[in-house]
There are 2 protein chains.
Amino acid sequence: MKPVAVIVGFAKIISLLTGGTVASATMKMIASATGVSKATVSRAFHAPHLVDPKTRLKIMQVAEQYNYVYNAAAGDLSRKKSSLIGVLVPGPNKSFFGTSLIAMQDKAQEEGFSLVIGNTKYDCRIEKKIVEQFQEHRVAGLILTGFLKSNEVYFYNLVRKDIPCVFTWETMADQGLNYVGFDNYDAAFRITDYLVGLKHRRIGLLVGPYSKISRAASRLEGYRAALKKNGIDFDPQLVKEREPSHIEGKEAVKEFLKIKNRPTAIFAASDTLAIGAITGLKEKGLKVPEDISIAGFDDIEFAAFCDPPLTTIRVPSYEMGKLTMKVLIEMIRGASSQIRQYDLSTDLIIRNSCAELQR
Amino acid sequence: MKPVAVIVGFAKIISLLTGGTVASATMKMIASATGVSKATVSRAFHAPHLVDPKTRLKIMQVAEQYNYVYNAAAGDLSRKKSSLIGVLVPGPNKSFFGTSLIAMQDKAQEEGFSLVIGNTKYDCRIEKKIVEQFQEHRVAGLILTGFLKSNEVYFYNLVRKDIPCVFTWETMADQGLNYVGFDNYDAAFRITDYLVGLKHRRIGLLVGPYSKISRAASRLEGYRAALKKNGIDFDPQLVKEREPSHIEGKEAVKEFLKIKNRPTAIFAASDTLAIGAITGLKEKGLKVPEDISIAGFDDIEFAAFCDPPLTTIRVPSYEMGKLTMKVLIEMIRGASSQIRQYDLSTDLIIRNSCAELQR
DNA sequence: TTGTACGCGTTATCAC
DNA sequence: GTGATAACGCGTACAA
């Protein structure tokens, strides 16, 4: 049952009635002005070698004179192709997503595609609505970034249907989906292992909602694996699941302090949480890293400029965006329909927010 | 002379040849399946009252069954309207622009428009190219955010021509352009005046490239006016023009320290610069605000969580985005062609990075 | 209330 | 090389 799509299409049509006017010179016009047929004009543009240099020059001149601009929508319609790509982001204010977005834009433009962006604000219904908008504009492909688990079924249908899709930053279970991301497990493992190397054995984990976001779950696993490798027992008390925001980080860290035999280091699986945590510790009169070490995740621009500069994991945002778009465009062009999954590697960036345990 | 547009259109056509395939149920199909004409189907959607409830219901059912999705591009073509709006941003990684973007998206979707976004990376040629891409997709309108002065002439032509345009965050000289922004002059005046109220008389200004960005110029003027009002002589030595980045802020503040009779307070006309400045001061062993006061501008999310929390100017990003889109859509719908300019008001947010001058 | 016929701006397939 | 002509999917007089 999919009546919703129909209703939405309906509402859209109504609103279009009051949409923006469009007018411009057409091929037909410049054809008659040049004294040739529109077929020739079309050819002059997309197959110059098939047209006499003289007439071609003339056509170009007239086009220029009339300030002609190609109509991509009409072309797409005729050709039954699309030069639009839809990108779904959970909110463009996250600086790391932003970097990915820039990369996608770069690549898309390079290849002659335009980007339509929709931000979901982490709301399933909005997400659904935007995808429908995308479909009405006949996007050639879809990039899904950091979507929510709750929409899994919906997307699963979408992907299996017709539109080429690439997931990035976040993917669904272990379906055969195209995906570009990075190894969350490995990154979490390494930074946890690093903290153990600094003699910490009580290491707190401040992580995103892993029940909803699988990359958070991977980070939890990486953390546990690192503990295990070093013979440290896992203590559920030391794991706190929070939305990634400064405030949540600030509040959560205070709860960590209340634990008897409290952690000497905390791995906050997002720089935002880490910075909030540092703020919270300062409020409590504790020093980072002397009294407690804090490690982050993401390497946002600000991480190098907070106090103390944050030890964290650098995520290859730009490369991810570029690769995601590359994969999608290759799918669109039908180069190969095999499933592609990439995990780019991350870097451990050591700054000054973690220190060796003193005792 | 505008041969560039033509050449670009040409390149685009080539690339489209390898674009994405599009296929879906059409009105024609659901018409024959229902046993009516496509005109009736069309009406069933956008003028339900003109069609018999029975046939309408039947059409809807069939549409649903065939999983019909409205083709906005075709509709736009036929109606000579457009439901696409182009937004030009200088790079989506700035969190304050990001907030505006979300607002625009919200409003646009509400009104049945989709957003096509292009980021210029502060590069004139890219900017130009993207606008051409927009034109090829026949965007109904254009939002220009924080553009560069160097492109002024180009945009001036664009605006005067055909496409409805609204400028935001930044506008051109005092042409009759539609604009939504905030009062940079007033904001700079107030925060400078606030610093004077804290007994500072040597106040440094760390400002964006005011020769290129007019809002930076306004902030400079507001700063000067506040000094004048308080009988303080303007000292060119105390003004430094820098690109808004952490590093520039860090470096610039060190130069301030070299000045004999150095400033006791610095107004950094961007939080990024301010935070960089604080970092620089800490490196030099100085305390904020005890040794020197720092004020910012923008109130980015992080401003409340740095050390010390930043006294700054809050900019109504969300409201600006919403209003900008509202104005544009009204223009598109031709409600009125009169020029509209808005300056929203800002708030002075007092935190702990500025203190009264001790002596 | 419904159908016919044409147009929107472009491309593709034939001919010439 | 170039020109008719028919699509592409939809809207809309106009007529029935």
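Protein chains get the first letters and strands the later ones, always in sequence-line order, with residue 1 at the start of each. This one's a predicted model, so the numbers in the text were calculated from it and none came from an experiment.
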Of the nucleotides C:dC8, C:dA12, D:dT12, which has the atom closest to the A:Arg79 side chain?
C:dA12

Could you please name the option among C:dG9, D:dG11, C:dT11 that lies closest to any side-chain atom of B:Lys80?
C:dG9

Close N/O contacts between protein and nucleotides 1-4 of chain D (under 3.5 Å):
| unit_1 | atom_1 | unit_2 | atom_2 | d |
| --- | --- | --- | --- | --- |
| D:dT2 | OP1 | A:Thr55 | OG1 | 3.4 |
| D:dT2 | OP2 | A:Asp52 | N | 2.9 |
| D:dT2 | OP2 | A:Thr55 | OG1 | 3.1 |
| D:dG3 | OP2 | A:Ser37 | N | 3.0 |
| D:dG3 | OP2 | A:Ser37 | OG | 3.3 |
| D:dG3 | OP2 | A:Thr40 | OG1 | 2.5 |
| D:dG3 | N7 | A:Arg43 | NH2 | 2.8 |
| D:dG3 | O6 | A:Arg43 | NH1 | 3.2 |

Atom-to-atom span, [atom1] of [X] to [atom2] of [N] - whole angstrom:
X	N	atom1	atom2	value
A:Asn71	C:dC8	CG	C1'	9 Å
B:Asp76	C:dT10	CG	P	15 Å
B:Lys28	D:dA6	NZ	P	13 Å

Residues two or more places apart in sequence or in another chain: which of them pass side-chain hydrogen bond (donor to acceptor under 3.5 Å, both in side chains) with [X]?
X	value
B:Thr40	B:Ser37
B:Ser32	none
A:Tyr66	none
A:Ser78	none

Are side-chain N/O atoms of A:Asp76 and A:Ser82 paired as donor and acceptor at under 3.5 Å?
no

Rounding to 10°, can you tell me the angle the first-five-pair axis of the helix from C:dT1-D:dA16 to C:dC16-D:dG1 makes with its last-five-pair axis?
40°

Any side-chain N or O of A:Ser42 under 4.0 Å from OP1/OP2 of C:dT10?
no

